[in-house]
Asks: 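Below is one structure. I have some questions about it.
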Amino acid sequence: MRLTLDRARGLTEIATAFFPRKAGGLQTAFRLSDANWQTALRLERLPQTVVADVLHLFSIGEGVGYGSSTIHYQISGSPVTALLVEISPEYFNIEFTGKDIRSWQKTTNGYVVQLQTPALGMYSLLATYERPFKPQGDTLSFAGARPADAQTEQGHTVITSSHQFQVSPATVTPGLASIDRKSTRLNSSHLVISYAVFCL
């Protein structure tokens, strides 16, 4: 909820930082200049906003890719009791780790992660998974776990292996940008991709 001034008489609005006492969640403060003061305040319900910053880390082994996605949520407006996470059906052994997770359930596009207590502000969720593949001629997707309920998503995808490998993109969607290996201080067996997704 947001409190805004509609009209006032006999008082002056001041910055909350100059209020003489510390009060958590203080949104509006006034200085009285008349004993017969009057005011009208408007209470607005803020829309829910979910912004996500994600790090996808993939480690390529012999015939299997191990992946993890660390999703850092910034939730404002109203709390959430469940998080929607898109995960490709080609991933297996999917696990979720985070504060106050009650359970998770598979859906057609991924998973619904239920929370024991509503989350507001910063919340971090870790998803781990595996992807078997044929060592010769197979094409891998490195989409990872995606926060389906986020209005804005940005992050990085890191692909690494103890084996020498070469990655060549089959398709590149808008919003993806490859980062020069020299600027990441990683060796030649790493690939880093930066991306941003904006949903209106």
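Computed from a prediction, not measured in an experiment: that's the story for all the values here.
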Asks: Are F142 and F92 connected into the same hydrophobic cluster when the rule is that any two of I, L, V, M, F, W, Y join if their side-chain heavy atoms are below 4.5 Å apart?
Replies: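 Different clusters: F92 never reaches F142 through Ile, Leu, Val, Met, Phe, Trp or Tyr contacts under 4.5 Å.
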
Asks: Would you sort out whether L57 and T160 count as a side-chain contact (heavy atoms from CB on, under 4.5 Å), showing the intermediate values?
Replies: CA-CA 8 Å; L57 176 60; T160 183; 4.2 Å; yes

Asks: Are the side chain of D149 and the backbone of L84 linked by a donor-acceptor contact shorter than 3.5 Å?
Replies: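 At least one qualifying donor-acceptor pair exists.
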
Asks: Determine whether a donor-acceptor pair (N or O, by modelled atom type, separation under 3.5 Å) exists between the side chain of Q116 and the backbone of D100.
Replies: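 Side chain of Q116 to backbone of D100, a donor-acceptor pair under 3.5 Å: no, none is there.
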
Asks: If we only count heavy atoms from C-beta on, is the I101 to L125 side-chain gap below 4.5 Å?
Replies: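 Yes, close enough: below the 4.5 Å cut-off.
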
Asks: Would S69 and Y129 count as having a side-chain donor-acceptor pair, cut-off 3.5 Å?
Replies: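 Judged by distance alone, the side chains do pair up.
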
Asks: Taking atom types as modelled, is there a side-chain donor on E86 or N109 under 3.5 Å from an acceptor on the other?
Replies: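 Distance-only check fails for E86 and N109.
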
Asks: About how many Å separate CD of Q38 and CZ of R9, when rounded to the nearest 0.5 Å?
Replies: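 So the gap between those two atoms works out to 4.0 Å.
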
Asks: Has Y73 got a side-chain atom pairing as donor or acceptor with D53's backbone, closer than 3.5 angstrom?
Replies: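 Absent.
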
Asks: Does any non-hydrogen side-chain atom of Q48 lie less than 4.5 Å from one of V80?
Replies: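 Sidechains of Q48 and V80: in contact.
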
Asks: Write down the atom of I71, the atom of A145, and the distance for their closest heavy-atom approach.
Replies: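 Looking at all heavy atoms of both residues, the shortest contact is CD1-O, 4.1 Å.
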
Asks: Is any side-chain heavy atom of H156 closer than 4.5 Å to one of H56?
Replies: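 No, every pair of side-chain atoms sits at 4.5 Å or beyond.
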
Asks: Search all heavy atoms of A143 against all heavy atoms of Y91 and return the closest pair with its distance.
Replies: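 Heavy-atom minimum between the residues: N-OH, 3.6 Å.
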
Asks: So, do I94 and T128 sit near enough that their side-chain heavy atoms are less than 4.5 Å apart?
Replies: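 I94 does not reach T128 side chain to side chain.
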
Asks: Give the minimum heavy-atom separation between P118 and T81, together with the two atoms involved.
Replies: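 Residues P118 and T81, closest heavy atoms: CG-CG2, 3.9 Å.
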
Asks: Tell me, yes or no, whether the heavy-atom count around K106 atom NZ, taken from other residues, nucleotides or ligands under 6.0 Å, exceeds 12.
Replies: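 Atom NZ in K106 is crowded, with more than 12 foreign heavy atoms closer than 6.0 Å.
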
Asks: Could you report the tightest heavy-atom contact between P79 and L120, atom names first, then the distance?
Replies: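 Heavy atoms of P79 and L120 come nearest at N-CD1, 3.8 Å.
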
Asks: Under a 4.5 Å cut-off applied to non-hydrogen side-chain atoms, are F30 and I14 in contact?
Replies: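 No, every pair of side-chain atoms sits at 4.5 Å or beyond.
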
Asks: Do the non-hydrogen side-chain atoms of V85 and W104 ever get within less than 4.5 Å of each other?
Replies: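 Side chain of V85 against side chain of W104, heavy atoms only: no contact under 4.5 Å found.
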
Asks: So V51 and T49, side-chain contact (heavy atoms from CB on, under 4.5 Å) or not? Walk me through it.
Replies: CA-CA 7 Å; V51 177; T49 304; 4.1 Å; yes

Asks: Can you find a pair of side-chain heavy atoms, one from L55 and one from V158, that are under 4.5 Å apart?
Replies: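 In short, these two side chains touch, coming nearer than 4.5 Å.
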
Asks: I'd like to know if the side chain of T107 reaches the main chain of G110, judged simply by a donor and an acceptor atom lying under 3.5 Å from each other, with no hydrogens or angles considered.
Replies: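 At least one qualifying donor-acceptor pair exists.
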
Asks: Would a 4.5 Å heavy-atom cut-off, applied to side chains only, mark F58 and Y66 as touching?
Replies: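 Result no, sub-4.5 Å side-chain heavy-atom pair not found.
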
Asks: Compare every heavy atom of S68 with every heavy atom of L126, then report the nearest pair and how far apart it is.
Replies: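 Heavy atoms of L126 and S68 come nearest at CD1-CB, 4.1 Å.
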
Asks: Indicate yes or no for a side-chain donor-acceptor contact from Q151 to the backbone of V50 under 3.5 Å, with no hydrogens or angles considered.
Replies: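 Yes; at least one donor-acceptor contact below 3.5 Å.
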
Asks: With rounding to the nearest 0.5 Å, note down the distance linking CZ in F133 to CD in E62.
Replies: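 Output value for this atom pair is 7.5 Å.
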
